[in-house]
Structure formats: C-alpha cells, structure tokens
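These notes are about the structure you will find just below.
We count ligands from 1, going down the list as the structure has it; atoms in each ligand are counted the same way. All residue numbers refer to positions in the sequence shown, counting from 1.
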Amino acid sequence: MYEKIVKGPANYKHKLLLADPPYHDDLYLVSFPKSGVTWLSFLMANIHLQCSRLDATATFFNLESYIPDIHLTRSLKDSILTFPGFRIIKSHSEYNPFYRRIIYLMRDPKDVMVSYYYFMKKLGWFNGSISELIRSKSYGIDAWCRHTQSWLNKTHAFQQINVIKYEDMKREPRKVLDRVYSILGFKLPQIILDEAIDRSAFDEMKKNEEYCIKWKLSSPKGYSFMRKGITGDFKSELTEADVDYIQNKAKHLLEIFNYEDILA
Ligand code: A3P
C-alpha cells in the first residue's frame, strides 16, 4: 500500500515535505507549530548521542545534524549517529500520506495560540492582536483544528502514529520518553533518560540559546525562542472571549485530548 502511494500519482504538496531520498523507516516528529517539538528534538538527540557513545550535547547550533527540519532541507543523508539506526525528521506537515512512522506531538491549543502569537510578533510576521491571531484562518484555531483533525481522520492502516502531549512531557518526561522508546522497540537505561532530561531542561536550552545569539552562531532560531515553557500560560494572556472562541471552534478535539481547562 505504502509503495503504491509513494509511486502513485504525484501529490506535489505532500512530496515537498518528504525526505529525499525517503527511507521506509524514517520517523517523523510532527506537530502544529509551537507545540514543543524543539524540546522533544533536544531530548531525543541527547538520548541518541549518549547511546551512540558520543561525547557531545545537543545545541541550537548542531540540532539540525541530528534531527533535521524538513522545512529547511529535504535532501537528507543517513544519520551520523549509530543509534537508533533510522532517521528522525522534524515536520509541521498536515496529514502526509508519505510518512510511515509518526510521533504526533500535541499541546493545549490555548497555550499554542499564545506561544504562536509572541513568535510571529517577534519575527514581524504578524502585526495584529492576539485575538486576531486566534481568529486568523492561516495561524489561528481553525489552522490548529485542520492540522490535528487531518492526522486523526486520515491516517491509513500502514501508518504507525503515536500521540504524545507537551503537558505530559512537562509533568513526567521520563515516563513519556520510556513510552516513546518502547514503541520504537527499545528499553533504555533510566540514567540515559535522566541525563537527556537534564541536558534538555528549559534553563539549559535557554543558556545555550543565549550563547548562540551572543556568538552569532548560525542557529536556525536567533531570537528569544525560549520564552516561558509552561503550561496554562493562556490563563494570564487570553480574555474569556478568546477562550470561549477556541472552546467553541475546537470543542470536539479539546474533549478528546482532555484540554477542557478554562480560565479560573
Ligand atoms: P512558549 O512560547 O509557551 O514558552 P516549538 O519548538 O514547537 O516551536 O515550541 C516552542 C515552545 O516550546 C515555546 O513555548 C518554548 O518555550 C517551549 N519549550 C522549548 N524548550 C522547552 C523546554 N526545555 N521545556 C519546556 N518548554 C520548552
């Protein structure tokens, strides 16, 4: 089935976000923007570096060589790490029939909207208010619903998709990583997971970001990307009307993923 789809009628949009050449065991880390995929990438890269017995830590400078971003480059070589033995690729693609193995990272869309607003504003890509961003068809809650729904509804039987949540990573990072790697067929020593969690802690990543900015290292970020890294930020950033708007638009998905928390 997979071969038939890859070789079948060209689906240009989906192929634009497919590694070249594609490998049947490529694992895609997929998320709507601002769901925490950079953190997940740091965690996984820090695990893979240890398991590959390399004396190195993931940084904003080198992350791309361990977990490449399909939006920056499609032309991918084999991984330079010996572990886990397949490539891990970051993507924000909506449903893509060419991805065979997927970890889908979710975050409460109310916090996503806040994070996205500050991100877009800093880059000068959006000039409106936070309420306007939430109501924007391209970036707002409609876009989030489209993305999430596309992966929920369209996935084929040959596609292996596992959902993890930012909030669980915050609460129990070790448990989430244990689950991710057992799905991938590995039982990793706790000491490796704990070391990766420490190396990828918010403050460590923030220090690294400041270092990269100070020395003008060619980080793909280069602005204050490490903002707050908390859950429930929406409570101090959104109005009741904004929260209601999100609740109404995404009611079904918020129920499924247990994101019904509202303003206190
Ligand atoms: P905030 O803007 O709410 O702080 P992405 O990588 O998908 O663009 O997501 C960015 C969000 O993840 C930002 O959220 C960022 O601060 C948060 N983040 C990055 N590293 C983190 C870490 N180590 N722990 C918790 N959150 C982190």
Measuring from non-hydrogen atoms of [X] to any atom of ligand 1, is the shortest distance under 4.0 Å?
| X | result |
| --- | --- |
| Phe225 | yes |
| Ser35 | yes |
| Phe42 | no |

Could you see which bit of [X] sits under 4.0 Å from ligand 1, with heavy atoms only: side chain, backbone, both or neither?
| X | value |
| --- | --- |
| Ser200 | backbone |
| Arg107 | side chain |
| Ser115 | both |
| Lys34 | both |

Exercise. What about the rings of Phe61 and Tyr211, do their centers lie closer together than 6.0 Å?
Worked result: no

Relative to each other, are the rings of [X] and [Y] parallel, tilted or perpendicular (30° and 60° limits)?
| X | Y | result |
| --- | --- | --- |
| Tyr99 | Tyr28 | parallel |
| Trp39 | Tyr166 | perpendicular |
| Tyr104 | Trp151 | tilted |

Atom indices of ligand 1, in the order listed, that fall short of 4.0 Å to a heavy atom of [X]:
| X | answer |
| --- | --- |
| Thr38 | 5 (P), 6 (O) |
| Tyr166 | 25 (C), 26 (N), 27 (C) |
| Ala201 | 23 (N) |
| Met205 | 20 (N), 23 (N) |
| Gly36 | 5 (P), 6 (O), 7 (O), 9 (O), 12 (O) |

Looking only at distances, please establish whether an N/O atom of ligand 1 is found under 3.5 Å from an N/O atom of [X].
| X | answer |
| --- | --- |
| Asp111 | no |
| Lys228 | yes |
| Met226 | no |
| Pro33 | no |

If you count every heavy atom of other residues, nucleotides or ligands that lies below 6.0 Å from [X] atom [atom1], does the total exceed 12?
| X | atom1 | answer |
| --- | --- | --- |
| His252 | NE2 | no |
| Ile191 | CD1 | no |
| Lys175 | NZ | no |

Problem set entry | ILVMFWY network linking Leu43 to Phe186, side-chain heavy atoms under 4.5 angstrom | yes

Problem set entry | Hphob cluster co-occupancy, Leu133 + Trp125, side-chain heavy atoms under 4.5 angstrom | yes

